[in-house]
Amino acid sequence: MTHRGASAGGASARKRSDRKQAPLAFQVDSGLAELIPDRERPRGWTLLLDGGRQSHVDLDDPLHLAFEYQRRIGHMIDLAAPAQQPLQVVHLGGGAFTLARYVAATRPRSTQQVIEIDAALVQLVRRELPLDPQARIRVRAIDARAGLGKIRDGCADLVIADVFSGARTPAHLTSAEFLAEVRRVLKSGGQYIANLADGPPLTHLRGQIATAATLFPELALAADPTVWRGKRFGNAVLLASDLPLAVAELTRRVATDPHPGRLEHGRVLADFTGGAAAVTDEGAKPAPEPPPSAFT
């Protein structure tokens with residue numbers, strides 16, 4: 001991805017962001033939210049929830065994606081359609097709206113809907129890290145699956161899921177029934193991108209791939225090589241569609257990123273599941289709890 005400066009918001013946004021001599025702390029619905037100023041970026045902030053890093057935003061440069069999993073999602077967004085082409089995007093999980101800002105900057109005139117259950121967090125981010133008023137971003141404070149159920153059929157080019165509650169993906173967002181709703185909302189050729197997290201022995205990750213395979217014929221997964229080998233807990237980004245993916249170019253971008261990763265697809269990815277069963281609502285469980293070392 002190319003990183004270039006871009007103004008995000010007007011004078012009022014700049015005035016608010018300049019109040020960054022010290023960290024800010026606020027109680028929100030999901031816990032304690034903290035905004036930590038970035039020492040290297042004058043208008044950069046990191047959002048923490050109960051001490052865990054949740055998002056990073058640079059109000060001067062929405063193209064800057066600081067977290068490695070977000071960079072991999074950025075590559076997927078870039079390859080989802082020709083450059084600059086506006087897209088209809090649904091974001092499940094909002095955080096600091098980092099990915100919505102990225103889409104608005106790279107694909108002007110895109111129409112986006114952010115679904116974030118934490119209403120107090122939404123208000124905090126809108127106030128302290130304002131969105132570009134020209135961006136076509138609508139934010140709804142509602143549960144991700146409930147909000148998805150209110151979206152009409154076949155309207156989205158992308159559905160991006162980055163939902164965590166207490167550092168774990170909620171159980172009702174891990175099932176085949178949930179993915180059937182995602183598939184319903186997507187246009188033909190639309191793509192589903194999901195930020196997953198797991199650690200050794202990668203049981204949750206294998207189950208999520210097996211579940212996605214029941215709804216989508218084309219899958220790819222990007223992760224750090226140490227996560228692939230089951231050496232540590234970490235993020236893995238799933239990409240799914242009903243049409244072929246830009247696997248060769250995505251593989252190159254993931255491998256040559258400043259945070260190099262590995263992309264797998266096809267038979268290798270199918271073999272990785274090891275015969276794991278698809279997850280249904282009846283047996284769904286939250287993603288595993290990350291170890292304390294995951295936050296250090």
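Computed from a prediction, not measured in an experiment: that's the story for all the values here.
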Are a donor atom and an acceptor atom from the side chains of [X] and [Y] found within less than 3.5 Å of each other?
X	Y	answer
Asp162	Tyr69	yes
Tyr192	Asp242	no
Arg232	Thr226	yes
His172	Asp143	yes

Keeping the roles fixed (side chain from [X], backbone from [Y]), state whether a donor-acceptor pair exists under 3.5 Å.
X	Y	result
Glu289	Arg168	no
Arg136	Pro108	no
Ser110	Ala104	no
Asp198	His204	yes
Arg206	Phe272	yes
Asp50	Gly31	no
Asn195	Val237	no

For [X] and [Y], which heavy atoms make the closest approach, and how far apart are they?
X	Y	result
Met76	Ile193	CB-CD1, 3.7 Å
Gly207	Val279	O-CG2, 4.2 Å
Pro288	Ala197	CD-O, 4.1 Å
Ala180	Leu215	CA-CD1, 3.9 Å
Ala144	Val163	CB-CG2, 4.2 Å
Pro260	Arg72	O-NH2, 3.4 Å

>> Arg267 vs Asp271, test: salt bridge (Lys or Arg N to Asp or Glu O under 4.0 Å). Steps then yes/no.
In response: CA-CA 6 Å; Arg267 175 50 56 189; Asp271 289 345; 3.5 Å; yes
Mind checking the [atom1]-[atom2] spacing from [X] to [Y]? Nearest 0.5 Å is all I need.
X	Y	atom1	atom2	result
Asp58	Thr46	CG	OG1	10.0 Å
Arg107	Gln88	CZ	CD	12.5 Å
Leu131	Arg138	CG	CZ	14.5 Å
Ile209	Leu221	CD1	CG	4.5 Å
Leu269	Glu218	CG	CD	11.0 Å
Leu124	Asp118	CG	CG	9.0 Å

Determine whether [X] and [Y] make a side-chain contact, defined as any pair of heavy atoms from C-beta on separated by less than 4.5 Å.
X	Y	value
Leu263	Arg253	no
His75	Asp257	yes
Arg101	Leu129	yes
Val182	Leu148	yes
Val122	Val28	no
Pro170	Pro286	no
Leu48	Gln54	no
Cys155	Ile151	yes

Please say yes or no: joined through hydrophobic side-chain contacts below 4.5 Å, possibly via intermediate residues, are [X] and [Y] part of one cluster?
X	Y	answer
Phe178	Phe164	no
Leu65	Leu87	yes
Val185	Leu238	yes
Leu173	Leu205	yes
Leu99	Leu63	yes

>> Set out, in order, the CA-CA distance, both residues' side-chain angles and the distance that settles side-chain contact (heavy atoms from CB on, under 4.5 Å) for Lys150 and Arg140, then state yes or no.
In response: CA-CA 11 Å; Lys150 296 179 181 297; Arg140 301 184 64 184; 3.3 Å; yes
> Would His265 and Leu219 satisfy side-chain contact (heavy atoms from CB on, under 4.5 Å), going step by step from the backbone distance to the final call?
Replying inline: CA-CA 6 Å; His265 66 100; Leu219 300 176; over 6 Å; no
> Does a salt bridge link Glu181 with Arg183, judged by any charged N lying under 4.0 Å from a carboxylate O?
Replying inline: no
>> Between Asp281 and Arg145, does any side-chain N to carboxylate O distance fall below 4.0 Å?
In response: yes
>> With a 6.0 Å cut-off (strictly less than), is the heavy-atom count around CD of Gln27, excluding the residue itself, greater than 12?
In response: yes
>> For Thr169 and Leu196: C-alpha separation, side-chain torsions, deciding distance, then whether side-chain contact (heavy atoms from CB on, under 4.5 Å) applies.
In response: CA-CA 8 Å; Thr169 303; Leu196 308 175; 5.5 Å; no
> Is the charged tip of Arg127 near the ring of Phe26: under 6.0 Å from the six-membered ring centre and within 45° of its axis?
Replying inline: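 Satisfied, under 6.0 Å and within 45°.
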>> Run the side-chain contact (heavy atoms from CB on, under 4.5 Å) test on Val139 and Arg126 for me, step by step, so that the C-alpha distance in whole Å, both residues' side-chain angles and the decisive distance to 0.1 Å come before the verdict.
In response: CA-CA 10 Å; Val139 184; Arg126 282 189 176 280; 3.3 Å; yes
N/O donor to acceptor pairs below 3.5 angstrom from side-chain atoms of residues 91-98, sequence neighbours left out:
from  : atom 1 : to     : atom 2 : distance (Å)
His91 : NE2    : Gln112 : OE1    : 2.6
Thr98 : OG1    : His56  : O      : 3.0

>> One pair to check against salt bridge (Lys or Arg N to Asp or Glu O under 4.0 Å): Glu68 and Arg71. What are the steps and the verdict?
In response: CA-CA 5 Å; Glu68 60 186 61; Arg71 292 183 59 82; over 6 Å; no
